[in-house]
Amino acid sequence: MNNFWIILHHTYVNKLKSKSFITTTLLSIVIVIAMTNINKIIEVFDGDSGYKVAVLDGTGQLFEPFKKQLSVINKDIKLFKSNKSVEEVEEAVENGDYDGVILLQLNKEQLPEAIFKAKSFSDTSLFTDIQTGLQQLKTMLVASKINLTPEQLQKLYEPVSIKKVALEENAKTEEELNQARGLVYILLFVIYFSVIMYASMIAMEVATEKSSRVMEILISSVSPIKQMFAKIIGIGLLSLTQLTAFLLIGYFSLKQNMKLLNDGFFEEFGFGNILEETIFYAILFLILGYFLYATLAAFLGSLVSRIEDVQQMITPMTFLVIAGFMIAMFGLAKPDATFITVTSYIPFFTPMIMFLRVGMLEVPLWEIILGIGILLVTIIALAIFGAKVYRGGVLMYGKSNSFKDIKKALQLTKNE
């Protein structure tokens, strides 16, 4: 057992001190800090935010009411009445003095119409707001022609009242669903990237030792099974170290923006009302998903003798993770779909899809336990099978023949 702890410690410390790990961690920390301060960053770059639009009013009477209507829609759009010629204003737009120019005029029915000119139309929101403002101005003028009072006009365009009532007991409200959707979306990315990154790290670690012939020395003193689980747990502790660093820095960074947690970007992603239960299930399924794919990656890595062959060997495993992630992305819009419910019990998809359901729906406890139970049984079965493949795989050298080598590895294990 002493050898097990030596390999575990060696795997953990060596990876912890590696330049690649330190660089990745520091880069990720920068991204975490940037994401948790996104509002401040946007304010820095958009300090002079807003649009400057010149208006040539050919009617002499539409500018003021149009300006009033547009200010209600978007306060960041500033209209400037110009008495210059069309050519002069167009030149000013091309020089960047204005974001666009509006030519206001009346049609045959004496209703407003306009021509909007800009350098490009990559920003569609500006045109949309101008179009909406002009539409409201037209509506107001038509209403005045048929003698509608402002109160009547307001009643005409008043939104219809409709309430959503869920008949299912303990069902989440629309607001709760939106908050849960944003939080689950972020945590799904964490689970997805963690599983892929750390599981691939294990496969690479095993292949590196085999290619450097270190494995020949190790297997003479430590059983391959101990090696496999020592590496899985060692990389697992490494992942927890890295994720803990991200979470702590993210937490303290968010604390500095506590006022923003209930507003804007953070409100949309549900950070203003984080449920402890959701975080618990995120950590649980992250750990279970890691052990599932880490065991798979370890014995796949033992089948290759060259580092270059690792990615090819673990590609099917990567596709499984991607498939689970894509299904989960679909499930964000419809978490109660039968397809989502069924796939949440498929072990390779459970870590992400069952977490999606738990985070967004009121899932019965027995369903959660069943999903976790199936996942645990799969991890144990895969660990037993993987240990046998690993035991024979570490003794195999030469060109890899993909999954045909699994049979050879099992045969070598039986012959020991």
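We use all heavy atoms of the structure for the numbers below, so side chains are in, but hydrogens, waters and symmetry mates are not.
Minimum interatomic distance between Phe63 and Asp57 (heavy atoms only, all atoms of both residues): N-OD2, 3.0 Å. The nearest pair of heavy atoms linking Gly133 to Leu70 is CA-CD1, 4.2 Å. Closest heavy-atom contact between Pro351 and Gly289: CG-CA, 3.6 Å.
Each salt bridge (Lys or Arg N to Asp or Glu O under 4.0 Å) pair with one or both residues in residues 192-202, not counting sequence neighbours, would appear here, but there are none.
One finds the CD1 atom of Ile287 at 9.5 Å from the CG atom of Leu243 (value rounded to the nearest 0.5 Å). Rounded to the nearest 0.5 angstrom, Tyr293 OH and Leu296 CG are separated by 8.0 Å. Here the straight-line distance linking atom CG of Leu56 with atom CG of Leu103 works out to 5.5 Å at 0.5 Å rounding. Interatomic distance, Leu240 CG to Ile233 CD1, rounded to the nearest 0.5 Å: 11.5 Å. Distance check, rounded to the nearest 0.5 Å: CZ of Phe280 to CZ of Phe285 gives 9.0 Å. We find the OG1-CG distance between Thr315 and Leu320 to be 11.5 Å, quoted to the nearest 0.5 Å.
Considering only residues two or more places apart in sequence or on other chains, Lys67 meets the salt bridge (charged side-chain N to carboxylate O under 4.0 Å, His left out) condition with none of them. Remark: Ser71 pairs with no residue by the side chain to side chain contact (heavy atoms under 4.5 Å, CB included) rule, at least two apart or across chains. Here Phe189 pairs with Tyr185, Phe193, Phe325 under the side chain to side chain contact (heavy atoms under 4.5 Å, CB included) rule; sequence neighbours left out. Listed by chain and number, the residues in a side chain to side chain donor-acceptor pair (under 3.5 Å) with Asn74 are Asp129 (sequence neighbours excluded). The side chain to side chain contact (heavy atoms under 4.5 Å, CB included) check on Val377 picks up nothing, with sequence neighbours excluded. Under the rule for a side chain to side chain donor-acceptor pair (under 3.5 Å), the partners of Lys117 that lie at least two apart in sequence or sit in another chain are Glu90. In terms of the side chain to side chain donor-acceptor pair (under 3.5 Å) criterion, residue partners of Ser344 (sequence neighbours excluded) are, by chain and number, Arg357. With sequence neighbours excluded, no residue forms a side chain to side chain donor-acceptor pair (under 3.5 Å) with Thr24. Among residues two or more places apart in sequence or in another chain, the side chain to side chain contact (heavy atoms under 4.5 Å, CB included) test is passed with Ile346 by Thr343, Phe349.
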side-chain contact (heavy atoms from CB on, under 4.5 Å) between Phe116 and Gln131: does it pass, once the steps are laid out? CA-CA 9 Å; Phe116 177 62; Gln131 186 180 38; over 6 Å; no
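In Met197, the CE atom is crowded: over 12 heavy atoms of neighbouring residues, nucleotides or ligands sit closer than 6.0 Å. For CD of Glu113, the number of neighbouring non-hydrogen atoms (other residues, nucleotides, ligands) closer than 6.0 Å is greater than 12.
With hydrogens and angles disregarded, no donor-acceptor distance shorter than 3.5 Å links the side chain of Asp97 to the backbone of Val93. Remark: side-chain polar atoms of Asp99 are not paired, donor with acceptor, to backbone N or O of Val53 under 3.5 angstrom. For the pair Tyr281 (side chain) and Met354 (backbone), a donor-acceptor distance under 3.5 Å is absent. Within the 3.5 Å criterion, the main-chain N or O of Leu237 finds no donor-acceptor partner in the side chain of Tyr12.
The closest side-chain heavy-atom distance from Phe355 to Thr350 is not below 4.5 Å. Inter-residue side-chain proximity for Ile22 and Leu16 is flagged as unmet; no heavy-atom pair is nearer than 4.5 Å. The side-chain heavy atoms of Leu382 and Phe291, taken from C-beta on, include no pair separated by under 4.5 Å.
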Let me have the donor-acceptor pairs involving side chains of residues 334-341, under 3.5 Å, with sequence neighbours excluded, atom names and distances please.
residue, atom, partner, partner atom, Å
Thr341, OG1, Ala337, O, 3.2

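Ser82 and Tyr98 form no side-chain donor-acceptor contact under 3.5 Å, judged by distance and modelled atom types alone.
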